[in-house]
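What follows is a single structure, written as C-alpha cells, with notes after it.
What you see is a predicted model; the values in this text were computed from it and never measured.
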Amino acid sequence: MKKSFVVLIILVLIFIGCGGKDKVKPSADSILTTESLNSINIIKTAYQERDGSILQSRLDPVLAKDILKELTFEKAELSFTPRRVRINNSTVMVNLNWQGTWVIKDNSIRNRGVTVFVFEGSPMKLMRIDGDNPFHTPLTEK
C-alpha cells in the first residue's frame, strides 16, 4: 500500500511539473514572415487612406514616388491573399493574389492580379513589385 501511494505521489508531481507550457521561441524565418505580412497590411491601409508619409516610410523611394502619383482615386479597397513566402538571406518575397475596387469620378472600377512583393531591410521596406501592381489605379473607360 505504501509503495503504490509513493508511486502515485511521484506521478502527480511529475504531471504537475511537466504540465506547464514552455514558450516556443519563433524562428528567424517566422519572424521575417510575420513582419512582411504586417508590412503588407500597413502599406495597403496607407494606400487606401492616401497616407503619403506612411507610404514613403515603408517603400523604396523610387517605388514610393511612382505609387504616390497613383493616388488619384476617390476611394480604393484592396484585398490580398498571400500564397507563398520565400526567404533568401534578408530578402522576403511574398507571392499573393489581389483584387481591388477603385472609385474614380463616381465610376467603380474593379481589377485583380497576381504579384510578388519583395521586401528587404529592418524595418522591412517594400523594394519591388513583380507582376501586376495592385497600387496602379486602373484607367476609367470613356
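Considering only heavy atoms from C-beta on, Leu59 comes within 4.5 Å of Ile67 through its side chain. Using a 4.5 Å heavy-atom cutoff, the side chains of Glu74 and Asp106 are in contact. Using a 4.5 Å heavy-atom threshold, the side chains of Ile40 and Val94 count as touching.
Judged purely by atom type and a 3.5 angstrom limit, Ser36 uses its side chain to pair as donor or acceptor with the backbone of Thr33. Looking only at distances, a side-chain donor or acceptor of Thr115 sits under 3.5 Å from a matching main-chain atom of Asp130. Looking at Thr91, its side chain never comes within 3.5 Å of a backbone N or O of Glu120 through a donor-acceptor pair. Using modelled atom types, one side-chain atom of Glu70 and one backbone atom of Thr137 make a donor-acceptor pair closer than 3.5 Å. No donor-acceptor pair under 3.5 Å is formed between the side chain of Ser30 and the backbone N or O of Pro26. Not one N or O on the side chain of Asn97 forms a donor-acceptor pair closer than 3.5 Å with the backbone of Thr81.
Taking OG1 of Thr34 as the reference point, atom CE of Met124 lies at 9.5 Å (rounded to 0.5 Å). The distance from the CD atom of Gln48 to the CZ atom of Phe73 is 8.0 Å, given to the nearest 0.5 Å. The distance from the CG atom of Leu63 to the CG atom of Leu68 is 9.5 Å, given to the nearest 0.5 Å. The structure places CG of Leu78 at 14.5 Å from CZ of Arg112, a figure rounded to the nearest 0.5 Å. For the atom pair CZ (Phe80) and CD1 (Ile43), the distance works out to 8.5 Å, reported to the nearest 0.5 Å. The CG atom of Asn133 lies 7.5 Å from the CH2 atom of Trp98; values are rounded to the nearest 0.5 Å.
Side-chain N/O atoms of Ser39 and Asn41 include no donor and acceptor closer than 3.5 Å.
More than 12 heavy atoms of other residues, nucleotides or ligands lie within 6.0 Å of CZ in Arg86, so this atom counts as buried by the packing criterion. Atom CD of Gln99 sits in a sparse spot, with 12 or fewer heavy atoms from other residues, nucleotides or ligands closer than 6.0 Å.
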| field | Test side-chain contact (heavy atoms from CB on, under 4.5 Å) applied to Asn107 and Trp102, step by step | value | CA-CA 8 Å; Asn107 291 323; Trp102 292 260; over 6 Å; no
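If you chain together hydrophobic residues whose side chains sit under 4.5 Å apart, Phe117 and Ile87 fall into the same group.
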